[in-house]
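Comments concern the structure below.
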Amino acid sequence: MPIQPLLHLLLACLTVFSCGHLVASHQESGDWHCDPDDEARIAAEFRPGIVTLDGRADEWSNVDGFEFPLRPALDPDEDHQYKSGKMTVKALHDGKDVYFTLQVDGDYVYSKGDDHKCPSVALMFQIGDSATYHNMGGCKESSDTCNSTNCRGYEVDIMHFSIGNSIPGRLYGGNSVNSVGLVDMYSWNPHCRNIDASAPSGNDSTALNDWKGAWWHSSFSTRPGFIEDDSPYGSSAEKGIYYFEFSRPLRTMDLLQQDAQFSIGKSSKFSAAFWYPSDGNPWHGSAHYTISCDWIPMDVISGLTSQHKAASGNAASLFAFVLSSAAFCVSIFVAYMVSKNKSIPFTPIDDRL
């Protein structure tokens, strides 16, 4: 078999296997109850040229974000929330791409080749107007009957990043083949999900994975690039922070309602999830945490924010003050020099002229 089709087949199998575990984590019991934080909101400011997509978070220090408690996705009870800390979500855009960083406290764990024994994150966005956060779109159809016709309007866009086969600081995603660990999906409900570019029969999808992403942990002592031979890259159980960094075009070439589209000056709805292999056990339903039990608004800010406008205005005012002060000093100096010079003697005009 040629190498390229074999690669496609292998990646498709791995993705289906991983997605099967994600679907299993959405088996609910009891009635659903949600008390979201009405103040939770993030703003993607216009901040061009500051992000290097390498998983590190140094350049995000001056970007505002929101700190979310992480609670079980199926039972958002405060008593069962993630004990090691919270998730900070930040976003910005440069007029072309939108960037995200997710920062989560957590002892370092890594098991090469086993995604379920490594932390994992996901972002989910509303596409269809009827799409709910709960049940990943909320279409009532079963896995045997759901399709783009009877679930129209219930679409959600999902990016999922598992790090078990990825190297910290390296970039993943960005096309349909080299997407190790980072997949771009769309969903109508937990049992009706598809990978972009591999839609079910009847949908002629030509979509690509538009996401790019990288990860890092604050306990790493080296700054140069890691390679696979450096695995496990750090010391197990070392305390620190996981950093996940992602980017995607504000607008994609999607023609089939599989990608969320972001518009400058408008708001979108999103959520974020976190999986962690507690006590060395592979992550599953109880280790699936989310930042809220409902959609979180995300504002894509147009141009400079008022804070940066004020800073620019202050700089302009300071420059004008310095310029006017300099002009005043020059005028005093000129007046002084004129007054210092002796008067020019009067010479009468000769009468003979």
Side-chain angles (χ1 to χ4, degrees), residues 36-53 57 59-68 87-103 121-133 137-138 152-159 173-174 184-187 196 207-213 244-273 290-292 294-317:
D37 182 354
D38 293 334
E39 295 183 0
R41 192 181 200 99
I42 67 168
E45 297 181 357
F46 177 65
R47 302 287 295 274
I50 72 168
V51 172
T52 299
L53 210 63
E59 64 268 39
W60 290 89
S61 59
N62 294 322
V63 177
D64 294 331
F66 198 93
E67 190 176 61
F68 297 92
M87 175 185 283
T88 299
V89 181
K90 299 181 179 183
L92 59 83
H93 75 93
D94 62 5
K96 178 177 179 290
D97 295 327
V98 60
Y99 299 83
F100 297 88
T101 181
L102 312 181
Q103 305 173 15
V121 293
L123 288 169
M124 182 169 73
F125 301 88
Q126 184 188 51
I127 302 177
D129 291 338
S130 301
T132 60
Y133 160 83
R152 179 72 182 273
Y154 291 91
E155 305 88 351
V156 296
D157 186 9
I158 302 171
M159 183 283 305
D184 190 359
M185 300 181 283
Y186 66 98
S187 165
D196 283 18
L208 296 177
N209 182 354
D210 293 293
W211 287 94
K212 296 177 183 178
F244 302 90
E245 211 172 21
F246 304 103
S247 74
R248 202 212 76 170
L250 288 165
R251 311 285 293 183
T252 72
M253 299 293 289
D254 170 47
L255 302 177
L256 299 172
Q257 200 77 339
Q258 296 176 2
D259 289 338
Q261 305 296 331
F262 306 112
S263 297
I264 297 174
K266 296 186 178 180
S267 296
S268 299
K269 295 179 180 180
F270 90 104
S271 186
T290 59
I291 61 174
S292 176
D294 204 351
W295 292 119
I296 299 293
M298 182 186 78
D299 304 316
V300 183
I301 306 299
S302 174
L304 295 176
T305 63
S306 57
Q307 178 181 0
H308 292 95
K309 286 179 180 177
S312 299
N314 291 338
S317 299

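When reading the values below, keep in mind they use all heavy atoms of this one structure, side chains included, and skip hydrogens, waters and symmetry mates.
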### Task
Test side-chain contact (heavy atoms from CB on, under 4.5 Å) on Q261 and D254 and set out the steps.
CA-CA 9 Å; Q261 305 296 331; D254 170 47; 3.8 Å; yes
Indicate the atoms forming the closest heavy-atom contact of [X] with [Y], along with that distance.
X    : Y    : value
A40  : I296 : CB-CD1, 3.7 Å
A273 : T290 : CB-CG2, 4.0 Å
F125 : A260 : CB-CB, 3.7 Å
R41  : S267 : NH2-OG, 3.8 Å
I42  : A91  : CD1-CB, 4.0 Å
R47  : L92  : O-CD1, 3.8 Å

Kindly compute the distance separating [atom1] ([X]) from [atom2] ([Y]), expressed to the nearest 0.5 Å.
X    : Y    : atom1 : atom2 : result
T52  : E245 : OG1   : CD    : 8.0 Å
Q103 : M87  : CD    : CE    : 10.0 Å
D157 : M185 : CG    : CE    : 9.5 Å
Q257 : I127 : CD    : CD1   : 6.0 Å
D94  : I50  : CG    : CD1   : 10.0 Å
W60  : T88  : CH2   : OG1   : 12.0 Å

### Query
According to the interplanar angle, ranging from 0 to 90°, do the rings of F270 and F100 count as parallel (below 30°), tilted (30 to 60°) or perpendicular (above 60°)?
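Ring orientation, 0 to 90° scale: tilted.
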### Task
Flag the pair D184 / D210 as yes when at least one side-chain heavy-atom distance between them is below 4.5 Å, and no otherwise.
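Of all side-chain heavy-atom pairs linking D210 with D184, at least one is under 4.5 Å.
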### Message
With heavy-atom distances below 4.5 Å as the criterion, would you say the side chains of L250 and I264 are in contact?
### Response
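Yes, side chains in contact.
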### Derivation of the side-chain contact (heavy atoms from CB on, under 4.5 Å) call for S187 and I158
CA-CA 7 Å; S187 165; I158 302 171; 3.8 Å; yes
#### Entry: Partners meeting ring pair (Phe, Tyr, Trp, His ring centres under 6.0 Å) with F246 (sequence neighbours left out)
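F246 satisfies ring pair (Phe, Tyr, Trp, His ring centres under 6.0 Å) with F161 once adjacent residues are dropped.
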### Task
With sequence neighbours excluded, tell me which residues meet ring pair (Phe, Tyr, Trp, His ring centres under 6.0 Å) with F66.
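Per chain and number, F66 pairs via ring pair (Phe, Tyr, Trp, His ring centres under 6.0 Å) with F68.
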### Query
Should D294 and T132 be marked as a side-chain contact (heavy atoms from CB on, under 4.5 Å) after you check the CA-CA gap, both sets of side-chain angles, and the distance that decides it?
CA-CA 8 Å; D294 204 351; T132 60; over 6 Å; no
### Test log, rule side-chain contact (heavy atoms from CB on, under 4.5 Å), inputs I291 and S271
CA-CA 7 Å; I291 61 174; S271 186; 3.9 Å; yes
Holding to side chain to side chain contact (heavy atoms under 4.5 Å, CB included), I want the full list of residues that pass it with [X], two or more places apart in sequence or in another chain.
X    : result
S130 : Y154
K269 : Q126, W295
R152 : E155

### Task
Decide if atom NZ of K90 counts as having more than 12 heavy atoms of other residues, nucleotides or ligands within a radius under 6.0 Å.
yes
### Task
Give a yes or no on whether a salt bridge exists between D97 and R248, defined as a side-chain N under 4.0 angstrom from a carboxylate O.
no
### Task
Verify the ring-centre separation between F46 and H93: is it less than 6.0 angstrom?
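Ring-ring flag for H93/F46: true, centres closer than 6.0 Å.
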### Message
Which residues pass the side chain to side chain donor-acceptor pair (under 3.5 Å) test with R251, not counting sequence neighbours?
### Response
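S263.
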### Task
Report yes or no: does Y133 contribute a side-chain atom to a donor-acceptor pair with the main-chain N or O of M124 at less than 3.5 Å?
no
